[in-house]
Amino acid sequence: MRIATWNINSVRLRLSQVLRVLEEYDFDVLCLQETKTRDVSFPANEIAEAGWPYQAIRGEKSYNGVAILSRFPIEKKSYQDWVGKRDCRHIAAQIKGINIHNIYLPAGGDIPDRDENIKFGHKLDFVSEVTEYFEQNKPSKSVLVGDLNIAPLAEDVWSTKQLRNVVSHSDIERVNLIAMQERGGWVDAVRDFFGADERLYSWWSYRARDYISSNRGRRLDHVWTTTDLAPQIQKVEIHTNTRGWKQPSDHVPISLQLG
DNA sequence: ATGGCAAATTGAATTTGA
């Protein structure tokens, strides 16, 4: 089974790209973040007609929004609200016995200090609550994907020195995300497949004049599995070429082939 | 905290992203 994650930055604007990745990359399941639309406006029919009729969608106007699109029937659906908000940042589906959690973690604003920036506090609290949730509901046969908005390792950013005090790569975010991974019993499938040394990115800012030559990327999007599924990790791909498509998302899809 | 941009909403400017 091929499971992918992609922050699409508006599913309505980039519907044609969603359909293109589903077909070109042969995803069985695609988890989207930042769909930015209410469920009534979600292009569910177009995606169903293309061959992904099983869908779990949870959106709101303008912001956030997550969805799971599947070729195979969804056996169970659920979602969680964290940090006391109903902001459509999580949805879960069981497909072929695998529990898939799709998360859009808060970006956290500009200043990496919770006393000066309420959004950063929200982000840290969100990580803490997700960590507690999976400690109390120990996952198995599970995959956690999504835009976690944190690049935890030095090799996950173009310059660990220059991004040290930048939100997404601050020490506290990095430590807390690793703790969330370890305490939930998760394996970073992307690092498991590619190893620790290679620089890996899934996001490039829109602001770069030429994202290829500047290559100031960050690995903000993640695919984790529980340890019981780790032996089934056959292949991981970061589909970087979508960043070069016309009117692209600033994130690229990551896919996991489970055997 | 940067930034050369982008998207959604409301109706030219604001908010958010990271």
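Below, read A as the first sequence line, B as the second, and so on, with proteins coming before strands; counting in each chain starts at 1.
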*Using heavy atoms to find the nearest nucleotide of DNA chain B for Asn165(A) and Ala208(A) separately, return the residue whose nucleotide is more 5′.*
Asn165(A)

*asked:* Does Asp197(A) have more than 12 heavy atoms from other residues, nucleotides or ligands lying within 6.0 Å of its CG?
replied: no

*Go through the structure and list residues passing salt bridge (Lys or Arg N to Asp or Glu O under 4.0 Å) with Asp125(A), not counting sequence neighbours.*
Arg114(A)

_Cation-pi, Tyr25(A) ring and Arg2(A) (6.0 angstrom, 45 degrees)_ = no

_Nucleic acid footprint by protein, nucleotides 8-18 of chain B - heavy-atom cut-off 4.0 Å, B for base, S for sugar-phosphate alone_ = SSS-----SBB

*Say you pick atom C1' in dG3(B) and the same atom in dT16(B); how far apart are they, in whole Å?*
15 Å

*Taking the C1' atom of each, how far is dG11(B) from dA7(B), in whole Å?*
16 Å

*Please say whether the positively charged group of Arg58(A), taken as NZ for Lys or CZ for Arg, lies over the ring of Tyr79(A), i.e. under 6.0 angstrom from the six-membered ring centre and within 45 degrees of the axis.*
yes

*asked:* Can you work out whether Ser214(A) or Ile111(A) has the more 5'-proximal nearest nucleotide on DNA chain B?
replied: Ile111(A)

*If the C1' atom of dA13(B) is compared with that of dA1(B), how far apart are they to the nearest Å?*
24 Å

*Report the C-alpha distance between Val143(A) and Asn99(A) in whole Å, list the side-chain angles of each, state the deciding distance to 0.1 Å, and finish with yes or no for side-chain contact (heavy atoms from CB on, under 4.5 Å).*
CA-CA 6 Å; Val143(A) 176; Asn99(A) 304 300; over 6 Å; no

*When we call it a touch if two heavy atoms are under 4.0 Å apart, what does Arg14(A) touch: a base, just sugar-phosphate, or nothing?*
sugar-phosphate

*Look at Lys123(A) together with Glu173(A) and state whether they make a salt bridge at an N to O cut-off of under 4.0 Å.*
yes

*Could you tell me whether Ile150(A) contacts a base, only the sugar-phosphate backbone, or nothing, with contacts defined as non-hydrogen atoms closer than 4.0 Å?*
nothing

*Write down the distance between NE2 (His169(A)) and P (dT2(B)), rounded to a whole number of angstrom.*
18 Å

*Does Gln247(A) put a side-chain nitrogen or oxygen below 4.0 Å from OP1 or OP2 of dA7(B)?*
yes

*Roughly, in whole Å, what's the span from NZ in Lys161(A) to P in dA1(B)?*
19 Å

*Using atom P of each nucleotide, how far apart are dA12(B) and dT2(B) to the nearest Å?*
28 Å

_Whole-Å C1' distance, dT15(B) and dT10(B)_ = 12 Å

*asked:* With side chain to side chain donor-acceptor pair (under 3.5 Å) as the test, pick out the partner of Asp156(A) among Arg174(A), Arg191(A), His222(A).
replied: Arg191(A)

